[in-house]
Amino acid sequence: MTRKTAILAAAVAATVSALTAPAAAQARTAAATETRTGASSAAKGEVRYAWVKSCAQKGTGYTMACGPWMVVMRDGTTRALADARVHPVTAAGKVNEEVMSEFNLSGDGRSAAYFRKSDGKLVVRDFATNRVRVLPGTTSRLPKGVGMDDVDAKLSYDGGRIMLDYSDRNDKLPTLLVDLKTGKVSAISPRLSVQGFSPDGRHLLATRSTGENTTELLVLDENGATTARRVVPQVVANNTPQAVADDGNSVALMISTSSGKTRLRVYDLEADSVGAAVNVTVPKNESPHQLTWDASGSLTLWNLRNNKDGDTTAIVRHSLDRDSGATSTIDTLKLGSKVYMWWLPGE
């Protein structure tokens with residue numbers, strides 16, 4: 001099972017538990033209304049987030065995904081992606097309505113990768129031009145014995161590259177790195193768990209569990225070759241989210257302490273040194289969800305805002321000063337009760 005499939009399965013399990021606890025943790029099964037910030041500078045062709053509607057199932061007491069994928073644009077409009085498959089087709093050729101089909105937004109919000117309904121091919125949509133491109137060669141189709149629910153796809157920040165991680169029975173299939181501009185395909189060892197791209201798309205952060213029960217952190221180049229590797233300290237191995245900078249060396253990570261504080265640390269892979277812990281100024285009811293660098297070396301932090309019952313009520317996007325830990329709110333997505341699943345840029 002891929003990392004993303006595991007997340008989706010957990011969300012479904014949480015929904016099923018609503019049979020006895022309707023208000024149980026619903027980080028991804030809440031409805032969305034949005035509070036827009038900086039609306040005057042909203043960019044056309046840029047997605048704030050994507051979501052799928054939740055529908056109650058008669059006689060069961062729980063909900064299922066229904067309707068098409070929807071994308072909320074930064075210019076205030078909402079689009080339906082009628083060609084994007086919502087429920088995956090398994091390796092056995094059956095539709096699995098209990099989980100979500102693969103969907104990924106690029107970090108800049110301008111591209112999305114998904115399986116097309118009409119032919120089951122993996123495609124990438126450019127929201128500015130509304131052009132849909134099929135992935136090059138055989139990468140648009142699934143390997144034998146792999147279903148749509150066995151794929152984890154991740155676009156680079158600008159949507160120019162895509163990583164395809166397959167979950168096969170014997171863990172033999174390599175992860176593929178596809179350059180969507182040139183069509184070049186590179187293979188990455190299936191023993192590595194690829195976390196994501198640097199802002200320029202030229203580096204990938206990956207991890208590997210060693211035979212000595214330690215964690216090795218690796219940085220790969222745009223061809224999938226290893227440029228740096230290190231067995232990392234426990235504080236790096238055990239804390240997420242993480243992100244690699246354009247230098248292919250600096251790895252930022254968020255730490256949620258036992259006392260409830262949120263801290264930032266930056267790990268220097270080459271020097272094998274962990275920078276000083278910086279306390280991050282965010283409300284106590286928010287928890288780190290996603291962390292990204294930009295080309296200038298600045299950080300963006302996405303937090304989940306939870307109520308006293310542990311339910312997610314909003315997603316907040318902050319700019320984060322790596323030296324002081326100060327944050328500034330860029331965008332807030334308020335959550336309610338009509339969205340079964342949501343997805344963020346870069347996720």
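- Applying the salt bridge (Lys or Arg N to Asp or Glu O under 4.0 Å) definition to pairs two or more places apart or across chains, those involving residues 282-293 are Glu286-Arg305.
- Residues forming a salt bridge (charged side-chain N to carboxylate O under 4.0 Å, His left out) with Asp179 (at least two apart in sequence, or on another chain): Arg161.
- At distances below 3.5 Å, not a single donor-acceptor pair connects side-chain atoms of Thr327 with backbone N or O atoms of Val282.
- Contacts of Arg263 classified as salt bridge (charged side-chain N to carboxylate O under 4.0 Å, His left out), with partners at least two apart in sequence or in another chain: none.
- Applying the side-chain hydrogen bond (donor to acceptor under 3.5 Å, both in side chains) criterion to Ser287, with sequence neighbours excluded, gives no partner residue.
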Donor-acceptor contacts, no H, no angles, side chain residues 131-142, under 3.5 Å, sequence neighbours left out:
{"unit_1": "Thr139", "atom_1": "OG1", "unit_2": "Pro136", "atom_2": "O", "d": "2.5"}
{"unit_1": "Ser140", "atom_1": "OG", "unit_2": "Gly137", "atom_2": "O", "d": "3.4"}

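- Scored by the salt bridge (charged side-chain N to carboxylate O under 4.0 Å, His left out) test, Asp247 finds no partners at all (sequence neighbours excluded).
- Under the side chain to side chain contact (heavy atoms under 4.5 Å, CB included) criterion, Asp323 pairs with Asp321, not counting sequence neighbours.
- Counted by atom type alone, Asn307 and Asn285 present zero donor-acceptor pairs between their side chains at under 3.5 Å.
- The stretch residues 45-108 participates, sequence neighbours left out, in these disulfide bond (SG atoms under 2.5 Å apart) pairs: Cys55-Cys66.
- With sequence neighbours left out, the ring-ring contact (aromatic ring centres under 6.0 Å, His included) criterion links Trp293 to no other residue.
- Among residues two or more places apart in sequence or in another chain, the side chain to side chain contact (heavy atoms under 4.5 Å, CB included) test is passed with Asn213 by none.
- As a member of the Ile/Leu/Val/Met/Phe/Trp/Tyr network built from side-chain separations under 4.5 Å, Leu217 groups with Leu205, Val219, Val232, Val235, Val236, Val244, Val251, Leu253, Ile255, Tyr267, Leu269, Val274.
- Remark: side-chain polar atoms of Lys154 are paired, donor with acceptor, to backbone N or O of Gly346 under 3.5 angstrom.
- For the residue pair Ser273 and Asp268, no side-chain donor N or O sits within less than 3.5 Å of a side-chain acceptor on the partner.
- Using modelled atom types, one side-chain atom of Asn249 and one backbone atom of Glu270 make a donor-acceptor pair closer than 3.5 Å.
- Listed by first and then second residue, the disulfide bond (SG atoms under 2.5 Å apart) pairs involving residues 216-331 amount to none (not counting sequence neighbours).
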